[in-house]
Trainee: 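What follows is a single structure, and I will ask about it in a moment.
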Amino acid sequence: QVQLAESGGGLVQAGGSLRLSCRTSGHTFKWSVVAWFRQAPGKEREFVIYRDWSMGRTHYADSVKDRFSISRDIAENTMYLQMNSLRPEDTAVYYCAPRMNRLALSAIRRPEHYDYWGQGTQVTVSA
């Protein structure tokens, strides 16, 4: 059974950085793509970033472009979200959502197209 575990969230001041981790287990296949979403209280789950490893392409929400990036450690089955220049509006629970197969670009920002989710990790950015 595939399991995902996000970690690395916490409280940080505006302008600071955090690196979130998403460790997966219970599978032998490699993830082709991964997305990160976030959800603030009272709001819908929001697309943050999408990485297609084989195509070498990354797609960003406008609000995080030039501040967030994705990397991975294949040996550790772990994907990372590096978040720099954090702002109070980045406060949310962050979720990773990997996929075995890539999505059409028209679908990458929609959470219903992702089957695997972790429990999320809270990021709080103070002003």
Side-chain angles (χ1 to χ4, degrees):
Q1 182 178 357
V2 175
Q3 293 186 322
L4 285 72
E6 296 102 334
S7 61
L11 175 63
V12 63
Q13 288 188 331
S17 297
L18 283 173
R19 189 178 77 160
L20 307 184
S21 299
C22 173
R23 186 178 180 94
T24 66
S25 59
H27 60 95
T28 57
F29 53 83
K30 292 182 181 179
W31 303 110
S32 294
V33 303
V34 66
W36 286 83
F37 287 78
R38 65 188 181 187
Q39 189 165 18
K43 295 189 176 182
E44 294 186 349
R45 194 162 294 191
E46 174 190 33
F47 169 79
V48 175
I49 192 169
Y50 175 94
R51 172 71 175 175
D52 184 325
W53 305 110
S54 60
M55 297 292 288
R57 295 176 182 171
T58 306
H59 301 273
Y60 305 86
D62 289 343
S63 59
V64 307
K65 196 171 184 179
D66 298 326
R67 300 190 298 124
F68 289 13
S69 61
I70 287 181
S71 63
R72 66 176 174 175
D73 184 331
I74 296 175
E76 294 293 328
N77 281 331
T78 301
M79 294 160 281
Y80 303 98
L81 177 65
Q82 178 67 42
M83 306 187 297
N84 300 325
S85 302
L86 282 163
R87 305 167 180 169
E89 53 264 39
D90 294 320
T91 295
V93 177
Y94 282 72
Y95 301 89
C96 70
R99 283 181 53 92
M100 289 184 285
N101 302 306
R102 68 171 55 92
L103 287 169
L105 289 181
S106 59
I108 66 172
R109 298 169 186 262
R110 301 177 64 176
E112 62 265 32
H113 292 292
Y114 297 84
D115 297 321
Y116 299 105
W117 296 90
Q119 82 289 349
T121 185
Q122 175 70 49
V123 171
T124 303
V125 184
S126 62

Trainee: Report whether W36 and Y114 are members of the same hydrophobic cluster (ILVMFWY, side-chain heavy atoms less than 4.5 Å apart, transitive linking).
Mentor: no
Trainee: Would you list the pairs meeting salt bridge (Lys or Arg N to Asp or Glu O under 4.0 Å) in which at least one residue belongs to residues 74-100, sequence neighbours left out?
Mentor: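 Qualifying pairs, neighbours excluded: R23-E76, R38-D90, R67-D90.
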Trainee: Would you please indicate if the ring centroids of W117 and F37 are separated by under 6.0 Å?
Mentor: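 Close enough - the centres of the two rings lie under 6.0 Å apart.
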Trainee: With Q39, which residues qualify under side-chain hydrogen bond (donor to acceptor under 3.5 Å, both in side chains), at least two apart?
Mentor: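 Applying side-chain hydrogen bond (donor to acceptor under 3.5 Å, both in side chains) to Q39 gives R45.
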Trainee: Between OH of Y94 and CD of Q122, what distance do you get to the nearest 0.5 Å?
Mentor: 9.5 Å
Trainee: Show, in sequence, the C-alpha distance, side-chain angles and deciding distance for L4 and C96, and conclude whether the side chain to side chain contact (heavy atoms under 4.5 Å, CB included) test is met.
Mentor: CA-CA 8 Å; L4 285 72; C96 70; 3.6 Å; yes
Trainee: Only distances under 3.5 Å count here; give the side-chain donor-acceptor pairs of residues 53-62 to other protein atoms, sequence neighbours excluded, each with its distance to 0.1 Å.
Mentor:
residue, atom, partner, partner atom, Å
S54, OG, D52, OD1, 3.0
S54, OG, R102, NH2, 2.4
T58, OG1, R51, NH1, 2.9

Trainee: Kindly give the cluster partners of L11, where membership spreads through any ILVMFWY side chain lying under 4.5 Å from a current member.
Mentor: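 When side chains under 4.5 Å apart are linked, L11 ends up in no cluster with other residues.
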Trainee: Report the residues that fulfil side-chain hydrogen bond (donor to acceptor under 3.5 Å, both in side chains) with T24, sequence neighbours left out, ordered by chain and then residue number.
Mentor: H27, W31
Trainee: Could you see if F68 belongs to whatever hydrophobic cluster contains V33? Use Ile, Leu, Val, Met, Phe, Trp, Tyr and a side-chain cutoff under 4.5 Å.
Mentor: no
Trainee: Measuring from H113:NE2 to L103:CG, what's the distance to the nearest 0.5 Å?
Mentor: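 Between H113 NE2 and L103 CG, I get 7.0 Å after rounding to 0.5 Å.
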Trainee: A side-chain contact here means heavy atoms from C-beta on lying under 4.5 Å apart; do K30 and I74 qualify?
Mentor: yes
Trainee: When hydrophobic residues are tied together by side-chain contacts of less than 4.5 Å, even through go-betweens, does F29 share a cluster with V34?
Mentor: yes
Trainee: Does L18 share a hydrophobic cluster with Y80, counting links as ILVMFWY side-chain heavy atoms below 4.5 Å and allowing steps through other members?
Mentor: no
Trainee: Passes side chain to side chain contact (heavy atoms under 4.5 Å, CB included), F47 versus V64? Steps please.
Mentor: CA-CA 10 Å; F47 169 79; V64 307; over 6 Å; no
Trainee: Would you give the length of the straight line joining atom OG of S21 to atom CZ of R72, rounded to the nearest 0.5 angstrom?
Mentor: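 Rounded to the nearest 0.5 Å, the OG-CZ separation comes to 15.0 Å.
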Trainee: When V123 is tested against each of L20, L81, V93, T91 for side-chain contact (heavy atoms from CB on, under 4.5 Å), which residue passes?
Mentor: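 Only one option passes, and that is L20.
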Trainee: In Å and rounded to the nearest 0.5 Å, what is the OG1 to CG distance from T78 to D73?
Mentor: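 Result: 6.0 Å between the selected atoms.
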Trainee: If you look at every heavy atom in G118 and Y95, which pair is closest and at what distance?
Mentor: O-CD2, 3.6 Å
Trainee: Using every non-hydrogen atom in the two residues, find where P88 and A14 come nearest and quote the distance to one decimal.
Mentor: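 Heavy atoms only, the tightest pair is CD-CB, 4.1 Å.
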Trainee: Enter the distance from I108:CD1 to Y50:OH here, rounded to the nearest 0.5 Å.
Mentor: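 The distance works out to 6.0 Å.
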Trainee: For residues 3-20, pull every pair meeting side-chain hydrogen bond (donor to acceptor under 3.5 Å, both in side chains), keeping only residues two or more places apart or in separate chains.
Mentor: S17-N84
Trainee: Answer yes or no: are there more than 12 heavy-atom neighbours, outside E44 itself, under 6.0 Å from its atom CD?
Mentor: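 Result for CD/E44: open.
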Trainee: Please find the pair of heavy atoms, one from V2 and one from Y116, that lie closest to each other, and give the distance.
Mentor: CB-CE2, 3.6 Å
Trainee: Do V48 and L105 belong to the same hydrophobic cluster, where Ile, Leu, Val, Met, Phe, Trp and Tyr are linked whenever their side-chain heavy atoms lie under 4.5 Å apart, directly or via other members?
Mentor: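 Different clusters.
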